[in-house]
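Atom set for the values below is all heavy atoms of this structure, side chains included, hydrogens, waters and symmetry mates excluded.
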Amino acid sequence: MPGHKPMKDRLTLALCANASGDCKIKPLLVYHSENPRAIKSHKSLKEKLQVMWRANPKAWVTRQFFVQWVNLVLRPSVKKYLQENNLPMQALLVLDNAPAHPPNLEDDILEEFKIIKVLYLPPNNTPILQSMDQQVISNFKKLYTKHMSRCCFEVTENTNLTLREYWKDHFNIVVCLRMIDHAWLSVTTRTLTFA
């Protein structure tokens, strides 16, 4: 917008689901700030968020964050899913060669979660072979944009705020987290299975 500096806020979101599409895992979110003002003012506890919150200045997923997410979020979720569905205690985690995916991930997994084996895709084949890159991520982005557009419309329609005022004074990480949650919940099983 003319006369408005673009926001330099950045975040990275890692999504994960099973191949049958009936188990979406809590996403890993990396933000540039450990304790943003918006979260403090909303009294949101990061542990209760619908994402696993981590922070570094560039908002990049690091190997350390990824291993923590695997051990604290992915593994317990997979184990619970297998138990609830009376399935064998075995799972396969398919990863591309992103820098955050350690090549020896199985060595970093806590002993009680060794039920999951890791398969690495060959380099430069992610768009062809990895299902999340084929359709799920683009669908998630469309759903996020839909929720964001609806929110912008509602705010400008029901208040005296301009869109610029809304972006500057009212859009923050807490609002973004709500939209991420709505978008991830809106990704259908059909989208996940056809990916």
Side-chain angles (χ1 to χ4, degrees), residues 1 4-18 21-78 80-81 98-101 131-133 135-159 161-189 191-192 195:
M1 296 174 112
H4 179 68
K5 287 184 181 178
M7 288 197 293
K8 294 186 178 172
D9 247 359
R10 300 279 189 270
L11 63 83
T12 303
L13 189 69
L15 302 174
C16 181
N18 67 347
D22 59 348
C23 180
K24 290 187 229 174
I25 307 297
K26 181 187 226 183
L28 168 64
L29 181 138
V30 183
Y31 193 58
H32 65 84
S33 172
E34 183 66 42
N35 297 302
R37 188 176 305 142
I39 289 206
K40 288 179 190 173
S41 66
H42 281 81
K43 296 182 176 52
S44 299
L45 295 173
K46 286 188 277 186
E47 295 79 35
K48 293 184 179 181
L49 295 174
Q50 297 303 315
V51 296
M52 180 180 182
W53 183 282
R54 293 294 181 263
N56 68 30
K58 294 186 179 183
W60 288 351
V61 176
T62 63
R63 288 183 179 194
Q64 177 188 8
F65 293 163
F66 186 75
V67 170
Q68 289 172 356
W69 176 79
V70 166
N71 283 313
L72 299 175
V73 176
L74 177 72
R75 303 300 177 175
S77 299
V78 168
K80 180 181 175 191
Y81 173 81
H101 299 156
S131 58
M132 293 300 266
D133 271 9
Q135 187 176 359
V136 177
I137 293 172
S138 66
N139 184 256
F140 170 82
K141 287 178 179 179
K142 288 174 188 172
L143 290 164
Y144 178 86
T145 303
K146 175 184 169 186
H147 289 292
M148 185 173 59
S149 299
R150 182 181 297 143
C151 182
C152 290
F153 175 77
E154 288 171 359
V155 165
T156 56
E157 185 73 18
N158 300 326
T159 67
L161 293 173
T162 64
L163 194 53
R164 181 184 298 172
E165 291 168 334
Y166 171 69
W167 281 119
K168 185 178 176 194
D169 300 326
H170 300 281
F171 188 85
N172 57 41
I173 189 64
V174 174
V175 176
C176 178
L177 287 168
R178 278 192 220 117
M179 290 181 198
I180 287 170
D181 188 36
H182 288 302
W184 188 226
L185 289 172
S186 300
V187 174
T188 63
T189 302
T191 299
L192 292 167

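Note that OH of Tyr81 and CD1 of Ile25 are 9.5 Å apart. Values are rounded to the nearest 0.5 Å. If you take NZ on Lys168 and OG1 on Thr162, they are separated by 10.0 Å, rounding to the nearest 0.5 Å. To the nearest 0.5 Å, atom CG of residue Leu143 and atom CD1 of residue Ile180 are 13.0 Å apart. Rounding to the nearest 0.5 Å gives a distance of 3.5 Å between OH of Tyr144 and SG of Cys176.
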N/O donor-acceptor pairs under 3.5 Å from side chains in residues 146-157, not counting sequence neighbours:
{"from": "Ser149", "atom 1": "OG", "to": "Thr145", "atom 2": "O", "distance (Å)": "2.9"}
{"from": "Thr156", "atom 1": "OG1", "to": "Cys152", "atom 2": "O", "distance (Å)": "2.9"}
{"from": "Thr156", "atom 1": "OG1", "to": "Phe153", "atom 2": "O", "distance (Å)": "3.2"}

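The ring-ring contact (aromatic ring centres under 6.0 Å, His included) pairs that include a residue from residues 48-68 are Tyr31-Trp53, Phe66-Trp69, Phe66-His101, where partners are two or more places apart or lie in different chains.
Here the closest non-hydrogen pair linking Arg54 and Gln68 is NE-OE1, 2.7 Å. Looking at every heavy atom in both residues, Lys26 comes nearest to Leu49 through CE-O, 3.1 Å. Ala100 and Val61 make their closest contact through CB-O, 3.3 Å (heavy atoms, listed as atom of the first residue, atom of the second, distance). Closest of all the heavy-atom pairs between Ala59 and Leu11 is CB-CA, 4.0 Å. Nearest heavy atoms, Thr189 versus Gly21: OG1-O, 3.3 Å. Closest of all the heavy-atom pairs between Lys24 and Leu185 is NZ-O, 3.1 Å.
The backbone N or O of Val187 lies less than 3.5 Å from no partner atom in the side chain of Thr191, so there is not a single donor-acceptor pair. A donor-acceptor pair under 3.5 Å links the side-chain atoms of Asn18 to the main chain of Asp22, judged by distance alone. Remark: side-chain polar atoms of Arg63 are paired, donor with acceptor, to backbone N or O of Pro99 under 3.5 angstrom.
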Working for side-chain contact (heavy atoms from CB on, under 4.5 Å), residues Met52 and Leu72:
CA-CA 9 Å; Met52 180 180 182; Leu72 299 175; 3.8 Å; yes
Between Leu28 and Val73, is a side-chain contact (heavy atoms from CB on, under 4.5 Å) present by the stated rule, with each step listed?
CA-CA 9 Å; Leu28 168 64; Val73 176; over 6 Å; no
Checking side-chain contact (heavy atoms from CB on, under 4.5 Å) for the pair Ile39/Asn172: CA distance, chi angles, key distance, verdict?
CA-CA 9 Å; Ile39 289 206; Asn172 57 41; over 6 Å; no
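Here Asn139 pairs with nothing under the side chain to side chain donor-acceptor pair (under 3.5 Å) rule; sequence neighbours left out. Applying the side chain to side chain donor-acceptor pair (under 3.5 Å) test to Gln64 and every residue at least two apart in sequence or in another chain returns nothing. Residues forming a salt bridge (Lys or Arg N to Asp or Glu O under 4.0 Å) with Glu165 (at least two apart in sequence, or on another chain): none. Looking at residues two or more places apart in sequence or on another chain, you find no side chain to side chain donor-acceptor pair (under 3.5 Å) involving Ser33.
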